[in-house]
**Student:** 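My questions all concern the structure below.
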Amino acid sequence: MTIAEKLYPPSVAPNPKKPSGRRRVRSRKRIGLAAWQLGTALLIAAVWTLVYESGLLSRELVPPLWDVAREFVTLAGTAAFWAALATTVSNALTGLAAGIVVGVPFGLLLGISQAAYRSAQFLIELGRSFPVIALLPVMVLVLGATSQMEIVVVFSGVLWPILVQTIYGARRIDPVIADTVRGYRIPPLLRFVKVVLPNAAPFAATGVRIAASASILIAIGVEVLSLTPGMGGNLARAQTDGAPALALAYVVYAGLVGLAMNKILWTVEGRALAWNRRATRSEP
Amino acid sequence: MTTLLLPPARLLLRLLERLWLVAVLAAGWWFVSADSTSVYFPALSAIWDALVSGITSGTIRTDVTYSLTNIVLGLVLATIVGTALGILIGELERLRQVLDPFLQFVRSVPQSALIPIVIGALGIGQAPKIYMIAFACVWPVLLNTIDGVRAIAPEVRDMAKAYQIPHSLRLRRMVLPAAMPQIMAGVRVSLAVGVVVMVVSEIFSATVGIGHFINTAGSVFDISAAWAGTLVVGALGYLLSLAFIVVEKAMLGWYFKSAGASSGGATTRTRGKATK
């Protein structure tokens, strides 16, 4: 079992299976489902309000839902919010881009060469299990609470999933194909372009998808801790200013950003690797 | 895995092959930084001294014990709750469909964004940190358990139905073992999430813990100690993932042994053998 498989088993990805059936039945079913989901949302809201009213949990933790909703709407109308959102996303994406630029070529290299792979394995295992956020206090001292620092921390976090997945994809070649390549004495360059790259691409893409959601998480984590400008910084400041509803509204936005990021990447990945989708999906 | 079966000379060579790069890098760091005058990048020897004194006379031992307690308790809590809820939701398809959008949303929320809120509301004690770790860790376990339960072959389910296997027996002997590989995969993801939340919660606000150690060292400009603490966190992360592999082997030994259970791993392993 390789490291990639252990950390990111293929089946971790959500399974977009939809029940099939005749259209009318399906649409009626869907309306029923939506009703149930609405009911669940109402139930959650009711429980939340009950908890708030009873004072069971600290009111700082459970502010009135109505306040959160109001802050949520108000935020969308302020330029400062959109600026913070843009800062966070652009920092995360810059770190991600750096991670791709470094991670994919190194991953291919390590995937091709057995000796290089074995030499680097321990280092990769160390890097992968290192919680990058621990670098933060040191990084804040070295680079200050700046976007630059945030990008560096994001980069050091997202590099590993990209690297590990690319290595895994480049190493994992069907034995039959490997034998064929050897049998026909395919030159290394041709083998690289026609066999290794297409093999590694879907795995690298999965790595990028994992890294992309991680990049947002790391960026916000960095901002929360170091009060670097951005959504996380605003969130932490709202909390210390005693505005828990505003802080929660930021949390909801942060969740939406993560969700949107995931959706976009699923779509992009699906389009770019349409030729491979079915093959990778059917993998156990 | 296969290294243990090799003759000693081969084994030594393998070990060398795996370790030389890290050794060279560490040695490089040591010598390059030897006469470093930079405040921010102290000599590795100074970091080492800070580490040793932190362990022998400082607080590192208490800090590590505290952090380890938090993550282990948080992870265990998350695993129990995540598995139980996951089996429930995975078994009831209708419930899963209703809850799906909510689960997708909650797991997209950056857990570190919740830390200021939780600590601000519940205080800087140990219990809020454990809850926080558990809360962050529960989602990967839960979602993976749901997937694992749903992936049970329909034939197996039909069989259980046809023989009228009682509920509790079915859960213990069919559902749980079948979902176990997937549950462990979820726990593995959770472990990484948990370590991050553990460190963040301690950096954010704490009086003890390895994250707190790094943060205080940094804020009093004891950079060597801050680097030392960072290295300790790295070692902690690595050792925890090693410990996880041991646990995983114990829980899933039967699964790894069964041929074709992990086709990807199996092919790479045989390929590795063939080309050496």
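Side chains included, hydrogens not; waters and symmetry mates left out as well; all remaining heavy atoms used. Lettering of chains follows the sequences in order, A, B, ..., and the numbering in each one begins at 1.
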**Student:** If you look at every heavy atom in A:Leu235 and B:Ala113, which pair is closest and at what distance?
**Tutor:**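 A:Leu235 and B:Ala113 have their closest heavy atoms at CD2-O, 3.4 Å.
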**Student:** Let's go through B:Phe41 and A:Val142 carefully: what are the C-alpha distance in whole Å and the side-chain angles of both, what is the deciding distance for side chain to side chain contact (heavy atoms under 4.5 Å, CB included) to 0.1 Å, and is it a yes or a no?
**Tutor:** CA-CA 9 Å; B:Phe41 299 101; A:Val142 178; 3.9 Å; yes
**Student:** Pull out the residues in residues 21-28 of chain B that come under 4.5 Å of chain A, heavy atom to heavy atom, sorted by number.
**Tutor:**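 Answer by number: B:Leu21, B:Val22, B:Leu25.
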**Student:** State the CG-OG1 distance between B:Leu99 and A:Thr40, to the nearest 0.5 angstrom.
**Tutor:**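 Reported to 0.5 Å precision, the distance equals 6.0 Å.
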**Student:** Taking every non-hydrogen pair under 4.5 Å, which of A:Gly127, A:Gly221, A:Ala134 racks up the most with chain B?
**Tutor:**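 It is A:Ala134.
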**Student:** Give, as side chain, backbone, both or neither, the part of A:Ala115 having an atom under 4.5 angstrom from any heavy atom of chain B.
**Tutor:**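 Backbone plus side chain of A:Ala115, per the 4.5 Å heavy-atom cut-off to chain B.
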**Student:** Could you check whether atom CZ of A:Phe72 has more than 12 heavy atoms from other residues, nucleotides or ligands sitting under 6.0 Å from it?
**Tutor:**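 Yes - once you tally the heavy atoms of other residues, nucleotides and ligands closer than 6.0 Å, there are more than 12.
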**Student:** Surrounding OH of B:Tyr131 (heavy atoms of other residues, nucleotides or ligands, distance under 6.0 Å), is the total greater than 12?
**Tutor:**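 Counting neighbours around OH of B:Tyr131, 12 or fewer heavy atoms of other residues, nucleotides or ligands fall under 6.0 Å, so no.
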**Student:** If we define contacts as heavy-atom pairs under 4.5 Å, which of A:Leu141, A:Val252, A:Thr240 has the most with chain B?
**Tutor:**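 Ranked by heavy-atom pairs under 4.5 Å with chain B, first place is A:Leu141.
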**Student:** With respect to chain A, which residue among B:Ile203, B:Leu122, B:Leu191 yields the maximal number of heavy-atom pairs within a distance under 4.5 Å?
**Tutor:**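 Heavy-atom pairs under 4.5 Å are most numerous for B:Ile203.
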**Student:** Would you mind telling me which of B:Val200, B:Leu239, B:Leu240, B:Ile146 has the largest number of heavy-atom pairs within less than 4.5 Å of chain A?
**Tutor:**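 Option with the greatest count: B:Val200.
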**Student:** When only heavy atoms count and the cut-off is under 4.5 Å, which of residues 216-224 of chain B reach chain A?
**Tutor:**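 Interface residues of residues 216-224 of chain B: B:Gly218, B:Phe221, B:Ile223.
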**Student:** side-chain hydrogen bond (donor to acceptor under 3.5 Å, both in side chains) with B:Ser190: which residues, sequence neighbours excluded?
**Tutor:**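 Checked B:Ser190 against side-chain hydrogen bond (donor to acceptor under 3.5 Å, both in side chains); zero matches.
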**Student:** Among B:Asn215, B:Ile117, B:Val195, B:Ile115, which residue has the highest count of heavy-atom pairs closer than 4.5 Å to chain A?
**Tutor:**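 Top option by heavy-atom pairs under 4.5 Å: B:Ile117.
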**Student:** Got more than 12 heavy atoms from elsewhere within 6.0 Å of CE, B:Met251?
**Tutor:**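 No - once you tally the heavy atoms of other residues, nucleotides and ligands closer than 6.0 Å, there are 12 at most.
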**Student:** Could you go through residues 225-234 of chain B and list every donor-acceptor pair under 3.5 Å that involves a side-chain atom there, pairing it with any protein atom two or more places apart or in another chain?
**Tutor:**
from, atom 1, to, atom 2, distance (Å)
B:Trp227, NE1, B:Tyr40, O, 2.9
B:Thr230, OG1, B:Ala226, O, 2.7

**Student:** Please flag which part of A:Leu38 lies under 4.5 Å from any non-hydrogen atom of chain B: side chain, backbone, both or neither.
**Tutor:**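 Neither the backbone nor the side chain of A:Leu38 comes within 4.5 Å of chain B.
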**Student:** Nearest 0.5 Å please: distance from the CG atom of B:Leu242 over to the OG atom of A:Ser129.
**Tutor:**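 Taking CG in B:Leu242 and OG in A:Ser129, the distance rounds to 7.5 Å.
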**Student:** Under 4.5 Å from any heavy atom of chain B, what part of A:Ala35 do you find: side chain, backbone, both or neither?
**Tutor:**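 Nothing of A:Ala35, per the 4.5 Å heavy-atom cut-off to chain B.
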**Student:** So which part of A:Ser119 gets closer than 4.5 Å to some heavy atom of chain B, the side chain, the backbone, both or neither?
**Tutor:**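 Its backbone and side chain both get close to chain B.
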**Student:** Identify which part of A:Ile218 has an atom lying under 4.5 Å from any heavy atom of chain B, answering side chain, backbone, both or neither.
**Tutor:**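 Answer is neither: A:Ile218 stays 4.5 Å or more from chain B.
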**Student:** Which answer fits A:Ala238, side chain, backbone, both or neither, if we ask what part of it has an atom under 4.5 Å from a heavy atom of chain B?
**Tutor:**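 Interface part for A:Ala238: neither.
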**Student:** Looking at every non-hydrogen atom in both residues, tell me the closest pair between B:Arg188 and A:Arg128 and how far apart they are.
**Tutor:**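 Answer, listing the atom of B:Arg188 first, then A:Arg128: NH1-NH2, 4.1 Å.
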**Student:** Give, as side chain, backbone, both or neither, the part of B:Phe102 having an atom under 4.5 angstrom from any heavy atom of chain A.
**Tutor:**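 The side chain, not the backbone.
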**Student:** Specify the closest pair of heavy atoms between A:Leu217 and B:Ser108, including all atoms of both residues, with the distance to one decimal.
**Tutor:**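 Where A:Leu217 meets B:Ser108 most closely, the heavy atoms are CD2-O, 4.4 Å.
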**Student:** What residue in A:Ser226, A:Ala34, A:Ala214, A:Ala41 has the most heavy-atom pairs under 4.5 Å with chain B?
**Tutor:**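 Of the options given, most contacts go to A:Ala41.
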**Student:** Can you measure from OG (B:Ser201) to CD1 (A:Ile133) and round to the nearest 0.5 angstrom?
**Tutor:**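 It is 11.5 Å, given to the nearest 0.5 Å.
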**Student:** Just wondering, do B:Gln104 and A:Leu259 contact through their side chains at under 4.5 Å, heavy atoms?
**Tutor:**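 The answer is yes, as the side chains (C-beta and beyond) meet within the 4.5 Å cut-off.
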**Student:** Working to the nearest 0.5 angstrom, can you tell me the gap between B:Trp20 CH2 and A:Leu123 CG?
**Tutor:**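 B:Trp20 atom CH2 to A:Leu123 atom CG measures 10.0 Å (nearest 0.5 Å).
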**Student:** At what distance, to the nearest 0.5 angstrom, does CZ of A:Arg118 lie from CG of B:Leu13?
**Tutor:**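 If we round to the nearest 0.5 Å, A:Arg118:CZ and B:Leu13:CG are 9.0 Å apart.
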**Student:** Please state whether the side chain, the backbone, both or neither of A:Gln239 comes within less than 4.5 Å of a heavy atom of chain B.
**Tutor:**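 Contact with chain B involves the side chain of A:Gln239 alone.
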**Student:** Who among A:Ile216, A:Val132, A:Asn262, A:Val251 has the most heavy-atom pairs with chain B under 4.5 Å?
**Tutor:**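 Most heavy-atom pairs under 4.5 Å with chain B: A:Val251.
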**Student:** Please name the pair of heavy atoms, one in B:Ser112 and one in A:Val224, separated by the smallest distance, quoted to 0.1 Å.
**Tutor:**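 Heavy-atom minimum between the residues: O-CG1, 4.0 Å.
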**Student:** Would you compute the distance between atom OG of B:Ser241 and atom CD of A:Glu125 and round it to the nearest 0.5 angstrom?
**Tutor:**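 So the gap between those two atoms works out to 7.5 Å.
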**Student:** Do the side chains of B:Arg94 and A:Trp36 get nearer than 4.5 Å, heavy atoms only?
**Tutor:**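 Yes, side chains in contact.
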